[in-house]
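Only one structure is covered here, and it is reproduced in the block below.
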Amino acid sequence: MWNNEITRVDGDGKVNRLALRNTVTGEESSLDVTGLFVAIGHDPRTALFADQLELTAEGTVAVDARSSKTSLPGVFAAGDVLDPHYRQAITAAGSGCTAALDVEHYLASRLPTTPQLAETSYERTHYV
Ligand SMILES: Cc1cc2nc3c(=O)[nH]c(=O)nc-3n(C[C@H](O)[C@H](O)[C@H](O)COP(=O)(O)OP(=O)(O)OC[C@H]3O[C@@H](n4cnc5c(N)ncnc54)[C@H](O)[C@@H]3O)c2cc1C
């Protein structure tokens with residue numbers, strides 16, 4: 001359906017009708033429906049970080065190569081907020097795992113070095 005905007009959503013407890021207005025002719029009409037999906041676009045919600053973290057030209061949080069490391073040491077990003085391409089649940093979940101491993105490595109690297117801690121190496125975590 002082209003050249004129409006929704007002016008009202010009707011329903012009693014659930015959606016069952018849309019009131020429409022033709023943006024060309026101004027004609028009003030209605031359409032019976034059983035559901036409504038609102039397209040919210042793909043702009044990443046990163047304004048919150050604009051003054052703290054480097055962002056890409058696409059507005060996502062800039063990270064170091066394939067890691068989750070942002071421009072601020074100790075701050076890691078995961079999910080759609082750093083991904084201008086795939087933006088899927090499974091890629092976001094994998095990205096969350098990457099960030100968790102980066103956080104673990106970051107914290108371990110800041111602890112006093114002991115032989116026991118050296119055993120818990122980043123590389124071992126990655127390649128087991
Ligand atoms: C309509 C739709 C359909 C989709 N269908 C599929 C599909 O079929 N398969 C698929 O794989 N993917 C699908 N996706 C994409 C998938 O939902 C996302 O890729 C995934 O949810 C990204 O996960 P995320 O954790 O990065 O972000 P989100 O799931 O968006 O989580 C971000 C969280 O941060 C919270 N938040 C935002 N701002 C603040 C703030 N200032 N303070 C605190 N919390 C804040 C939000 O409330 C939200 O809970 C769909 C997305 C949409 C919108």
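Please read all numbers here as calculations on a predicted model, not as lab measurements. First listed ligand is number 1; within each ligand, the first listed atom is number 1.
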Any protein heavy atom under 4.0 Å from [atom]?
atom                    : answer
atom 4 (C) of ligand 1  : no
atom 8 (O) of ligand 1  : no
atom 52 (C) of ligand 1 : no
atom 33 (C) of ligand 1 : no
atom 19 (O) of ligand 1 : yes
atom 26 (O) of ligand 1 : yes
atom 48 (C) of ligand 1 : no
atom 38 (N) of ligand 1 : no

As an exercise, identify every atom of ligand 1 less than 4.0 angstrom from a heavy atom of Arg87.
15 (C), 19 (O)
If you count the atoms of ligand 1 from 1 in the order shown, which ones are under 4.0 Å from a heavy atom of Gly79?
26 (O)
For atom 12 (N) of ligand 1, which candidate among Ala89, Ala77, Ser95 provides the closest heavy atom?
Ala89
Would you say Thr46's side chain and Val61's backbone share a donor-acceptor pair under 3.5 angstrom?
no
Stepwise, does the side-chain contact (heavy atoms from CB on, under 4.5 Å) test hold for Val63 with Lys69?
CA-CA 5 Å; Val63 291; Lys69 296 173 190 166; 5.8 Å; no
List the closest protein heavy-atom neighbour of [atom]: residue, atom name, distance to the nearest 0.1 Å.
atom                    : result
atom 42 (N) of ligand 1 : Leu48 CD2, 5.0 Å
atom 23 (O) of ligand 1 : Ala92 CB, 3.5 Å
atom 21 (O) of ligand 1 : Asp80 OD2, 4.8 Å

Before accepting this row, confirm whether a basic side-chain N of the pair Lys14/Asp12 lies closer than 4.0 Å to the acidic partner's carboxylate O.
no
Does anything in residues 39-65 pair up under salt bridge (charged side-chain N to carboxylate O under 4.0 Å, His left out), and if so which pairs, sequence neighbours excluded?
none
Surrounding CG of Leu107 (heavy atoms of other residues, nucleotides or ligands, distance under 6.0 Å), is the total greater than 12?
yes
Logged contact type for Gln88 with ligand 1, heavy-atom cut-off 4.0 Å, is both
Residue part near ligand 1, for Thr91, under 4.0 Å between non-hydrogen atoms:
neither
Derivation and outcome, side-chain contact (heavy atoms from CB on, under 4.5 Å), residues Thr91 and Asp83:
CA-CA 9 Å; Thr91 52; Asp83 182 356; 4.0 Å; yes
Under the salt bridge (Lys or Arg N to Asp or Glu O under 4.0 Å) rule, collect the residues that match up with Arg87, sequence neighbours excluded.
none
Hydrophobic cluster membership, with links at side-chain heavy-atom distances under 4.5 Å among I/L/V/M/F/W/Y: are Val15 and Leu20 in one?
yes
Starting from the C-alpha separation in whole Å, work towards a yes-or-no answer on side-chain contact (heavy atoms from CB on, under 4.5 Å) for Val33 and Asn16.
CA-CA 5 Å; Val33 295; Asn16 59 25; over 6 Å; no
Evaluate Leu18 against Thr7 for side-chain contact (heavy atoms from CB on, under 4.5 Å), listing each step before the verdict.
CA-CA 8 Å; Leu18 303 177; Thr7 56; over 6 Å; no
